A.B. asks: 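A single structure is presented below for examination.
Whatever order the structure lists them in is the order used to number ligands and atoms, beginning at 1. What you see is a predicted model; the values in this text were computed from it and never measured.
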Amino acid sequence: MLATASPGLHAAARRLTLPSQARCVVRLPRRRPGRPAWLPAAASAAAPEAAPPAKEGAEELGFQEMTSGTRRRYYMLGGKGGVGKTSCAASLAVRFANNGHPTLVVSTDPAHSLSDSFAQDLSGGTLVQVEGPDAPLFALEINPEKAREEFRAANQKNGGTGVKDFMDSMGLGVLVEQLGELKLGELLDTPPPGLDEAIAISKVMQFLEAQEYSMFSRIVFDTAPTGHTLRLLSLPDFLDASIGKILKLRSKIASATSAIKSVFGQEVQQQDAANKLEQLRERMVKVRELFRDTESTEFIIVTIPTVMAISESSRLHSSLQKESVPVRRLIVNQVLPP
Ligand SMILES: Nc1ncnc2c1ncn2[C@@H]1O[C@H](COP(=O)(O)OP(=O)(O)OP(=O)(O)O)[C@@H](O)[C@H]1O
């Protein structure tokens, strides 16, 4: 089905080329092969070891490096909005599968572009097998909004926003103000950018721990645009700080309110909310660790040959370096003839 429904994509995946240096160029249909002559100086920050004109042999060697070994590896594709992250993630996943890797490609894009790339409906929130490649290729489209809703519903059920409401109801107005400063309500009601995606990624990681999904040796993530990725990386610190302050505050008021709390039976609810936040923080820490694990993970920046995209990619690369996220390759998409 893939070959007939998306012949261009399939062909592109087969022609995916990767130089052995720190960058790779994906050539999609109707695009001119070869090193882009337009690459301005600004790109050197995103690809410090800018490659010489790529030779097919060297490119294949680079790709072999990505396909070698059966140990599970994660590839995170990120970059500016609309540069072709989903298209490239789909191409890379097909290429992995055609090289014998049981592969899973995950998208957290609510626009469902992965479904369009494969011409299959993947929106059900479960794994769907993509027809065409040699080895099993499964795709999963996670709706981050839905994942967030689940999280919020769980919090509400467990009295999550109730921490603030509870303080209010106890007449502890001053502390409510302090809580406002801690942005607890904001965190639970309007999560910071990146949280949706972090929840989605941690969900995927959770189910990959199950025996039935242990076959996947390559996991490709089509991640959100730049800003979200950066927020996602700083989330555990943000949550650490927030949760730390919340717990400190809680212990401060514990003695003053314990009698009233037990009368109203809200102590358990509060504890649940704190546990839920703590669980969330732990999951975020796992996501952060995954991003930084040079053994298993690689972040690939996708860009296009425009000044704005390259500038943003350059900033993304610097930020990822600062966060110790391994970046070794750059995909330059939509290379046009001069
Ligand atoms: N090499 C290419 N040649 C032709 N069209 C392309 C190419 N790469 C991407 N496109 C088209 O550009 C559009 C955006 O691509 P895609 O959805 O993959 O980008 P994205 O970075 O994932 O977007 P978003 O940030 O919105 O998630 C799509 O219509 C896609 O078909």
A.B. asks: Checking H101 side chain against T67 main chain: does a donor-acceptor pair fall under 3.5 Å?
C.D. replies: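 It does hold such a pair.
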A.B. asks: Report the C-alpha distance between E298 and R73 in whole Å, list the side-chain angles of each, state the deciding distance to 0.1 Å, and finish with yes or no for salt bridge (Lys or Arg N to Asp or Glu O under 4.0 Å).
C.D. replies: CA-CA 8 Å; E298 192 179 322; R73 277 200 227 155; 5.7 Å; no
A.B. asks: What atoms of ligand 1 come closer than 4.0 angstrom to any heavy atom of G81?
C.D. replies: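 Matching atoms, with element in brackets: 25 (O).
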A.B. asks: Which part of N333 is near ligand 1, with near meaning a heavy atom under 4.0 Å away: side chain, backbone, both or neither?
C.D. replies: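 Only the side chain of N333 comes within reach of ligand 1.
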A.B. asks: What atoms of ligand 1 come within less than 4.0 Å of a heavy atom belonging to S87?
C.D. replies: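 So the atoms of ligand 1 that pass are 9 (C), 15 (O), 16 (P), 18 (O), 30 (C).
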A.B. asks: Look only at interatomic distance and state if T86 has a nitrogen or oxygen under 3.5 Å from any nitrogen or oxygen of ligand 1.
C.D. replies: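 Checking ligand 1 against T86, an N or O pair does fall under 3.5 Å apart.
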A.B. asks: Which of the atoms of ligand 1 are close to K85, meaning less than 4.0 Å from one of its heavy atoms?
C.D. replies: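 Reading through ligand 1 atom by atom, the close ones are 18 (O), 19 (O), 20 (P), 21 (O), 22 (O), 24 (P), 25 (O).
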A.B. asks: For ligand 1, is there an N or O atom under 3.5 Å from any N or O atom of G82?
C.D. replies: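 Yes, since at least one N or O of G82 sits under 3.5 Å from an N or O of ligand 1.
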A.B. asks: Determine whether a donor-acceptor pair (N or O, by modelled atom type, separation under 3.5 Å) exists between the side chain of Q120 and the backbone of V128.
C.D. replies: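 Answer holds: no.
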A.B. asks: For A97, is there any backbone N or O sitting under 3.5 Å from a side-chain donor or acceptor partner on R218?
C.D. replies: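 It does not hold such a pair.
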A.B. asks: The criterion is side chain to side chain contact (heavy atoms under 4.5 Å, CB included); which residues satisfy it with Q211, sequence neighbours excluded?
C.D. replies: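 Listed in chain order: S214.
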